[in-house]
Amino acid sequence: MSYKSFQQCLLMTYSVALATFSFAYNSYLINGPLDHIRIWIDIDSSFKEGAMMTSFNFGGLVGCVIGILIVKTTSRRLMLYLIDLLLIIGTAGLNIQNYNTFIFFRVIAGIGSGLTTLVTPMFLKEIIPTQIYGVLGGQNLVLLSLGTIVQSFMALGFRDVKGQTSVDMGYWRFYLLPPIIICITRSLLLKFYFPFESPIFSIQQGNVQAAEAFLEHLYQDEDVSKLKQDIENLVNKRNVEKTLPSARVFLGIMINIFYSNSGITPIISYSTKIFQQVTTITVAQILTIGMSIIKFIFYSTGAQLTQKFGRRVPLIIGTGILSAVLISTGISSAINDNSDYDNTTLKSVVVVYIVIAIYLYFGVFFNTFGAIIPLYTPEILSGIYLTVALIFQWSFNITITFLFPVIRDSFGMCYTFYYFGIMMAVATVYFAIFIKETKNLNDKEIDALWQNKTSKVKDENENLIQ
């Protein structure tokens, strides 16, 4: 089916996905000014720090649970407006100097972000033409990386406060503005530029005219009738077949669990502190900006990679490389923390390698694993199944983000890298066995990937009975 204009589709994508920038900015908001926040709201233990860092992920989990309750009956557009409101309130509320209040508003922003991870990819999957979904669906990831770049640059405004007992947080107010401005902009775009609902949701609600209005806006006139019929058939099929094959659902859950256990959330959240292990805070901040730029570049190339080579092969190769990089970084971190190697050539080499390895980790992750999973999950799961998979992801994010500073302070940074490296090795084997290629397949064709297997099992069982 031919769409009218790629540029039109691109603008539509950004109108829907723009708040992903705010989600990313909020996700790593604490990374740069962590030392300032510790002093400002009196964080005096790893437990309190872990609770603060975890509060955002807890909100994400709550957002996914709310999504389960409202996703089938609530307009996609209304949910996007709700997300913008939650992110604005959750960000603005961080101006209050109180530990408990700070956590409360981090939870509010987390709820908006949890809904974002559910609604945005679902909406994009329902509106982007199949033949360009790999490229345009990847723009959601580009916005994700752009949010971290801007956050990293903005964090340069925070100076070293080591040894201080009080801080001036005047810059903090300015630091919180970008995600608020972006959410307001997205709401205005939805109101005045892209006033359309998902055609699948419209037909589910019996509003055929709204579905036709969207299809006429995006596609050539001669294709509208066929597309509407295909969507109606898909909706009718989903209404009859309310369950997906268990193997398909389990796969969707597992890839999101592996995503959380890749280490990406705590490594980004604590990237400045990780770099501070081997250099000064100013250099660490600059290295964090460079890392964010790499993330942006490789998210962009990752979208192109998935469009050209598909999902399965890059995913398997990527997780294999990630495993090797993480385990080697753990070994290097152990050497760096060992005072026996102070003032040695090996220590100098290890310091350089840790920086290179973190950069390599980000490049590989966002060119493969990080670029593919947010596209692949909504391709194989929808509705409540997608929500359940994301709940597992947020749940593991909560646990890992909370334990990261505790393990770091109690045992050493190297053990966190060992764990993530082992998990990526397990993921590599799992993906090689169970991942199915979905490149350029529509919903009907993706359904057939699992239906064929189910039919084959049924036929074999019938033959055994006979």
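Taken from CZ in Phe366 to CD1 in Ile297, the straight-line distance is 12.5 Å, to the nearest 0.5 Å. In this structure, CD1 in Ile400 is found 10.5 Å from OG1 in Thr54, a value given to the nearest 0.5 Å. Here the straight-line distance linking atom OG1 of Thr377 with atom CG of Leu118 works out to 11.5 Å at 0.5 Å rounding. Between the CZ atom of Phe21 and the CG atom of Leu87 there is a distance of 12.0 Å, given to the nearest 0.5 Å. How far NZ of Lys439 is from CD1 of Ile372: 12.0 Å, rounded to the nearest 0.5 Å. Atoms CD1 and OG1, on Ile321 and Thr368 in that order, are 7.0 Å from each other to the nearest 0.5 Å.
Using a 4.5 Å heavy-atom threshold, the side chains of Ile128 and Met12 count as touching. Taking 4.5 Å as the limit, every side-chain heavy atom of Ile289 sits out of range of all side-chain heavy atoms of Ile149. Inter-residue side-chain proximity for Ile89 and Leu86 is flagged as unmet; no heavy-atom pair is nearer than 4.5 Å. Val71 places a side-chain heavy atom less than 4.5 Å from the side chain of Arg76. Side-chain atoms of Phe196 and His217, non-hydrogen and from C-beta on, do get closer than 4.5 Å to each other. Side-chain contact check for Phe174 versus Met154: some heavy-atom pair is nearer than 4.5 Å. You'll find the side chain of Leu11 stays beyond 4.5 Å of the side chain of Leu189, heavy atoms only. By the 4.5 Å heavy-atom criterion applied to side chains, Trp450 and Lys436 are counted as neighbours.
Not counting sequence neighbours, the partners of Ser198 by the side chain to side chain donor-acceptor pair (under 3.5 Å) test are Glu126. Under the side chain to side chain contact (heavy atoms under 4.5 Å, CB included) criterion, Ala425 pairs with Ser323, sequence neighbours left out. Under the rule for a side chain to side chain donor-acceptor pair (under 3.5 Å), the partners of Gln97 that lie at least two apart in sequence or sit in another chain are Trp40. Partners of Glu197 under the side chain to side chain donor-acceptor pair (under 3.5 Å) rule, at least two apart in sequence or in another chain, are Ser75. Judged as a side chain to side chain contact (heavy atoms under 4.5 Å, CB included), and not counting sequence neighbours, the contacts of Val352 are Ile356. Partners of Thr101 under the side chain to side chain donor-acceptor pair (under 3.5 Å) rule, at least two apart in sequence or in another chain, are Asn98. With sequence neighbours excluded, no residue forms a ring pair (Phe, Tyr, Trp, His ring centres under 6.0 Å) with Phe214.
Sorted by first then second residue, the side-chain hydrogen bond (donor to acceptor under 3.5 Å, both in side chains) pairs that include residues 14-29, not counting sequence neighbours, are Tyr14-Gln139, Thr20-Asn140, Asn26-Thr91. For residues 416-427, the side-chain hydrogen bond (donor to acceptor under 3.5 Å, both in side chains) pairs, not counting sequence neighbours, are Asn261-Tyr419. For residues 77-87, the side-chain hydrogen bond (donor to acceptor under 3.5 Å, both in side chains) pairs, not counting sequence neighbours, are Arg77-Tyr81, Asp84-Arg186, Asp84-Ser187. The side-chain hydrogen bond (donor to acceptor under 3.5 Å, both in side chains) pairs that include a residue from residues 386-395 are Thr117-Trp394, Asn256-Gln393, where partners are two or more places apart or lie in different chains.
When all heavy atoms of Cys9 and Leu136 are compared, the pair lying nearest together is CB-CD1, 3.5 Å. Phe369 and Leu315 make their closest contact through CD1-CD1, 3.3 Å (heavy atoms, listed as atom of the first residue, atom of the second, distance). Nearest heavy-atom pair across Ala389 and Leu381 is CB-CD1, 3.7 Å. When every heavy atom of Ser332 is checked against every heavy atom of Val350, the shortest pair comes out as O-CG1, 2.9 Å. Taking every heavy atom of both residues into account, Pro374 and Gly370 meet most closely at CD-O, 3.1 Å. Heavy atoms only, all atoms of each residue included: Asp168 and Gly170 are closest at OD1-N, 3.0 Å.
Between Phe365 and Tyr259, the gap from one ring centroid to the other is short of 6.0 Å.
Aromatic ring orientation, Phe123 versus Phe194: tilted (interplanar angle from 30° to 60°). Tyr415 and Phe411 have perpendicular rings, their planes meeting at more than 60° on a 0 to 90° scale where under 30° would count as parallel. Note on ring orientation: taking the six-membered ring where Trp is involved, the planes of Phe158 and Tyr175 are perpendicular (angle over 60°, cut-offs 30° and 60°).
Heavy-atom contacts from other residues, nucleotides or ligands closer than 6.0 Å to CZ of Phe250 number 12 or fewer. Residue Phe6 places its CZ atom among more than 12 non-hydrogen atoms of other residues, nucleotides or ligands, all under 6.0 Å distant. Around atom OH of Tyr341, no more than 12 heavy atoms belonging to other residues, nucleotides or ligands sit under 6.0 Å away. Surrounding OH of Tyr430 are more than 12 heavy atoms belonging to other residues, nucleotides or ligands, all under 6.0 Å away. For Phe392, the CZ atom is loosely surrounded, since the number of other residues' heavy atoms within 6.0 Å does not exceed 12.
Judged by distance alone, the side chain of Arg312 and the main-chain N or O of Phe309 form no donor-acceptor pair under 3.5 Å.
Applying side-chain hydrogen bond (donor to acceptor under 3.5 Å, both in side chains) to Ser260 and the options Asn57, Thr265, Thr401, Asn397 leaves one that passes, Asn397.
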Review point. After noting the C-alpha distance and the side-chain angles of Met423 and Ser262, does the key distance pass the side chain to side chain contact (heavy atoms under 4.5 Å, CB included) rule?
Key: CA-CA 7 Å; Met423 289 302 296; Ser262 67; over 6 Å; no
**Study point:** side chain to side chain contact (heavy atoms under 4.5 Å, CB included) between Val283 and Phe275, worked out
**Key:** CA-CA 8 Å; Val283 175; Phe275 286 132; over 6 Å; no
Check your understanding: What's the verdict on side chain to side chain contact (heavy atoms under 4.5 Å, CB included) for Val107 and Phe56, showing C-alpha distance, side-chain angles and the deciding distance?
Key -> CA-CA 5 Å; Val107 171; Phe56 181 82; over 6 Å; no
**Study point:** Ile331 and Cys414: CA distance, side-chain angles, deciding distance, side chain to side chain contact (heavy atoms under 4.5 Å, CB included) verdict
**Key:** CA-CA 7 Å; Ile331 295 171; Cys414 61; over 6 Å; no
Quick one: side chains of residues 177-185, donor-acceptor pairs under 3.5 Å with protein atoms, not counting sequence neighbours, listed by atom name and distance.
{"residue": "Thr185", "atom": "OG1", "partner": "Ile181", "partner atom": "O", "Å": "2.9"}

